[in-house]
Protein chains: 2
Amino acid sequence: MALWHGYRPELLTDLYQFTMTASYWKEGMHGRAAFSLFIRDLPPNRAYFVSAGLQDVLAILDDFHFDPDSIDYLRSLGRFPEGFLDSLKAMRFTGTVRAIPEGRIFFPNEPLIEVTAPILEAQLLETVILNTLHLETLVASKAARCFAAACGRPLIDFSPRRTHGADAALKTARCSYITGFLGTSNVLAGRIYGIPVFGTMAHSYITSFLHEMDAFRAYAAAFPDNTVLLLDTYDTLKAAEKAVVIARELQAQGKKLRGVRLDSGDLKALSRQVHELFCRHGFPDVAIMASGNLDEYRVEDLLRSGAHINLFGIGTRLGVSADAPYLDMAYKLVEYDGRPVLKLSPGKITWVGEKQVFRSYDPSGLMEHDTLGLKQENHPGAEPLLVPVVVQGRRTAPEESLADIRARFQADWDRLPEAYKALRPDKIYPVRPSGPLLALQERVRQARVGQEIRS
Amino acid sequence: MALWHGYRPELLTDLYQFTMTASYWKEGMHGRAAFSLFIRDLPPNRAYFVSAGLQDVLAILDDFHFDPDSIDYLRSLGRFPEGFLDSLKAMRFTGTVRAIPEGRIFFPNEPLIEVTAPILEAQLLETVILNTLHLETLVASKAARCFAAACGRPLIDFSPRRTHGADAALKTARCSYITGFLGTSNVLAGRIYGIPVFGTMAHSYITSFLHEMDAFRAYAAAFPDNTVLLLDTYDTLKAAEKAVVIARELQAQGKKLRGVRLDSGDLKALSRQVHELFCRHGFPDVAIMASGNLDEYRVEDLLRSGAHINLFGIGTRLGVSADAPYLDMAYKLVEYDGRPVLKLSPGKITWVGEKQVFRSYDPSGLMEHDTLGLKQENHPGAEPLLVPVVVQGRRTAPEESLADIRARFQADWDRLPEAYKALRPDKIYPVRPSGPLLALQERVRQARVGQEIRS
């Protein structure tokens, strides 16, 4: 479990970051580079992204340095000059970062973050910045869809067993909480982030007792204030009858059965039958929780079909963003030493220069369109989304609380027109390049075509 | 970046593991539990799984304990009795683990690992064992498909920027190396696992120079023994002409241009044109590497269509197992205190009891079928796949080297009939339950139906 044994995130990078920077060092290239991070396209069924991961990136930048152990490893590869390795010893992040704050809604080609720094620093950070923002934005965007589908019913993250590793489990808990989830089953996420944690029993708990009723009674005895019974181990409706008995027994102690959970079977029919049973016996408030291979599509279908479900546990398909497990996110050099740059690779065009996103709202306060412009442009009445978060290596503000980020998401969510919240949206939010950006792009492109292709 | 700041893997668990074990503790249930971990179904286009992650699980078991900080957090939740929290302080893993060794090929419903231990220990470990084996088996199984598609051409893991977090980046490098990849771009994986690392330059390197030719010359000057030039920044064929110049310049120094890389465009046509150009100029040995949204399907298509590609960089779609980003892997209680147990949830049937997989080979040594039986069965001539790896809390053998695991994969790969290696297989490998397993399953099922459903 290397991650728990003290290795440093600076080595979580592609080797070419070191070969390139060794060459920059050898060439004396210490100019200021601007890198822009953006997502090229929307995955299927997506209309927006939710920004997430910035706090984790800032923590990496704060502590960016190479340990002697890391430098020894690079030396052992036998291809880096000693002077370059020496230069790594003193390296810290001294640059500037502008970013769209966490929890905001954004769209393809809009820079989520722009890093301006000496090229060695900005280049060496590419992989770990991408890895961090990619995962968190991916999961926050998926979680927002679940939030939309649940129409106000609480959601709990149940994903830790099948996320792609421990890091993903933590980040899934964090990002789903940002986008309105009630909490998580993930205890470590509760410990680290202060997110509310939830959980009661698995099938193994039931099967470890001789009789299901013994298990229910034992649980109610141990947690009389927090009893939620899992019903589908053997037969859901039989178990629901036993749960009614437990509800009575708890009532006799002045307690309440909090809820029951359904994890398999026909959730629509079972939830209605179980609810009717509880109503018939005078316990209409027992909450019915559903789980088991759920995602935003299943939640929407269940609720539209009239299932009686009060809250949902969403696991694997959230944690791996199953229907869109990656985003086409890139970190591209857009300016070096005052010179705007771009590449011309087919299908992978990058907008040149340091940029800003200017958001315009309609008179009712709903988002209307975004303008992708150059950093220094001025669009009166529009809201610039990128703000400086690090200046000359120092943060402009202390770490934000998850509560603040969560509130920021809710505010943006309220401003997003309903058409884009659909699970299968048929509208694309308008993002228009500005005149100055188009002009610069064309000028740089023409110059590059002249230099490298027509020549 | 919590994972680098000393938190313990024992808290990477679902809260219900603690509520259940608190109830076991209260009930005085300290019996021996057997949990079996298996995958219910094959994802689309899959015919086999490759076992991976066991070494990481064993490292967790070796060091399994609760720090005071973890116990303080659990106490802060206000729902656990002090005696239970006390019992966690002294907890270590004292059980037995049988497992299919890493690198072996296995199939649905076959236990990858069986954990037998006091129920508190075995239950508390569920989430972290699942999280570890799920990811590594997922990625190893995906990587084996890439290995099959490449028909002997070398493959390099390029995934770290878009895996789901840092943990996944490391495990992708490890698991792709097990299944025959040549190495990885991931420097931290090189540092931790000793996997060969590869990398040369990105588009940002090219664009940071005034002219592409300047970039090529600078790189060749810095790394004359390891020059691989990226050709698609502006125009691939124009860049290839410049690469010929570099090849001549290196030749004049007694060096060789090692290769070029194509990252976009029509890889089939471009790879052939670039190879022809190098041949025409007397450099037929310059390797052509392809990358950019590749996976096993693209690799197979390229090679079948006659692309001239010598090696492949496989990134995101490997690292997130894009066409099957999760497996239906479960960890189920199969015996408690000497009593075989099962649940009856629809669509989620579990085979009862501690089990063994018996593999039979045909006379030529190819895998023919597996028998899923009870642990104590005897099938002369068949190979039992699960072996004891931990007995009473102690490992039966020191940590295996990746080289040994890689060799084990290659040996199993050679025994797997070709029909199952296809990217879209139309055969399902036969896994048959044994007579004694069927009999026990039916006996336990009937008894449970009598107790919980008919009653």
Side-chain angles (χ1 to χ4, degrees), chain A residues 1-3 11-16 19-20 23 26-27 59 73 127 130-131 134-135 160-162 164-168 185 187-188 191-192 197 199-205 207-208 212 218-219 222 232-235 238 264-265 316 320 322 325-326 333 336 341 343-346 348 452-453, chain B residues 1-3 11-16 19-20 23 26-27 59 73 127 130-131 134-135 160-162 164-168 185 187-188 191-192 197 199-205 207-208 212 218-219 222 232-235 238 264-265 316 320 322 325-326 333 336 341 343-346 348 452-453:
Chain A
M1 300 309 296
L3 284 175
L11 286 193
L12 184 73
T13 189
D14 294 287
L15 182 68
Y16 74 12
T19 53
M20 289 190 279
S23 169
K26 186 167 182 290
E27 299 291 317
Y73 172 68
T127 309
L130 270 172
N131 185 284
H134 174 265
L135 172 60
R161 67 190 52 204
R162 293 200 204 90
H164 291 185
D167 197 8
S185 67
V187 179
L188 189 56
R191 169 73 190 87
I192 293 173
V197 288
T200 52
M201 67 177 67
H203 299 105
S204 60
Y205 180 78
T207 57
S208 73
E212 190 173 47
Y219 198 89
D232 70 323
T233 304
Y234 303 121
D235 181 289
K238 288 273 181 185
S264 61
T316 305
V320 305
Y326 65 91
L333 184 68
Y336 178 66
V341 307
K343 63 172 190 164
L344 304 172
S345 314
K348 292 187 170 184
E452 305 291 347
I453 299 180
Chain B
M1 299 308 297
L3 284 176
L11 286 194
L12 183 72
T13 191
D14 295 288
L15 182 68
Y16 74 12
T19 52
M20 289 190 277
S23 168
K26 185 166 183 291
E27 299 291 315
Y73 172 67
T127 310
L130 269 173
N131 185 283
H134 174 265
L135 172 60
R161 67 190 51 204
R162 294 200 205 91
H164 292 186
D167 198 8
S185 67
V187 179
L188 189 57
R191 169 72 191 89
I192 293 173
V197 287
T200 51
M201 67 178 65
H203 299 106
S204 60
Y205 180 79
T207 56
S208 72
E212 189 174 48
Y219 198 88
D232 71 321
T233 305
Y234 303 121
D235 180 289
K238 287 274 181 186
S264 61
T316 304
V320 305
Y326 66 91
L333 183 68
Y336 178 65
V341 306
K343 62 173 191 164
L344 304 172
S345 315
K348 291 188 171 183
E452 306 291 348
I453 300 181

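Numbered from 1 within each chain, the chains take letters A, B, ... in sequence-line order. Small disclaimer: the values here were computed from a predicted structure and weren't measured.
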Response to the item:
Heavy-atom nearest pair, B:Ala322 first then A:Pro325, reads O-CG, 3.6 Å
Item to complete: With sequence neighbours left out, write down each residue that passes ring pair (Phe, Tyr, Trp, His ring centres under 6.0 Å) with B:Tyr16, or none if nothing qualifies.
Response: none
Practice prompt. Could you grab the distance from atom CZ of A:Arg161 to atom CG of B:Leu12, nearest 0.5 Å is fine?
Written response: 11.0 Å
Worksheet item: Rounded to the nearest 0.5 Å, how far apart are OG1 of A:Thr19 and CE of B:Met201?
Response: 7.5 Å
Worksheet item: Which distance, rounded to the nearest 0.5 Å, do you find between the CG of A:Asn131 and the CG of B:Asp167?
Response: 10.5 Å
Worksheet item: Which atom pair, heavy atoms only, marks the closest approach of B:Val187 to A:Asp14?
Response: CG2-C, 3.9 Å
Discussion item. At a 4.5 Å cut-off on heavy atoms, which part of A:Glu27 comes close to chain B: side chain, backbone, both, or neither?
Written reply: side chain
Practice prompt. Check each atom of A:Leu11 against the heavy atoms of chain B and say whether the ones under 4.5 Å are side chain, backbone, both or neither.
Written response: both
Worksheet item: Closest approach of A:Val341 and B:Thr207, non-hydrogen atoms and distance?
Response: CG1-O, 3.5 Å
Worksheet item: For chain B, which of A:Ser23, A:Ala218, A:Ser185, A:Pro160 has the most heavy-atom pairs under 4.5 Å?
Response: A:Ser185
Discussion item. Taking side chain as everything from C-beta outward and backbone as N, CA, C, O, which of these in A:His134 sits under 4.5 Å from a heavy atom of chain B? Side chain, backbone, both or neither.
Written reply: side chain
Worksheet, complete the sentence: A:Glu212 and B:Glu452 have their tightest heavy-atom pair at N-OE2, 2.9 Å
Worksheet, complete the sentence: All heavy atoms of A:Met20 vs all of B:Ala202, minimum pair found to be SD-N, 3.2 Å
Worksheet item: Under a 4.5 Å heavy-atom cutoff, which of A:Thr233, A:Leu130, A:Thr127, A:Thr316 has the most pairs with chain B?
Response: A:Thr233
Worksheet entry | Heavy-atom side-chain proximity of A:Tyr73 to B:Ile192 below 4.5 angstrom | no
Discussion item. On a heavy-atom basis, which atom in B:Gly165 and which in A:Leu135 lie closest, and how many Å separate them?
Written reply: N-CD2, 3.6 Å
Worksheet item: Contact part of A:Ser208 toward chain B, heavy-atom cut-off under 4.5 Å: side chain, backbone, both or neither?
Response: both
Worksheet item: Among A:Tyr336, A:Tyr234, A:Tyr326, who wins on heavy-atom pairs under 4.5 Å with chain B?
Response: A:Tyr234
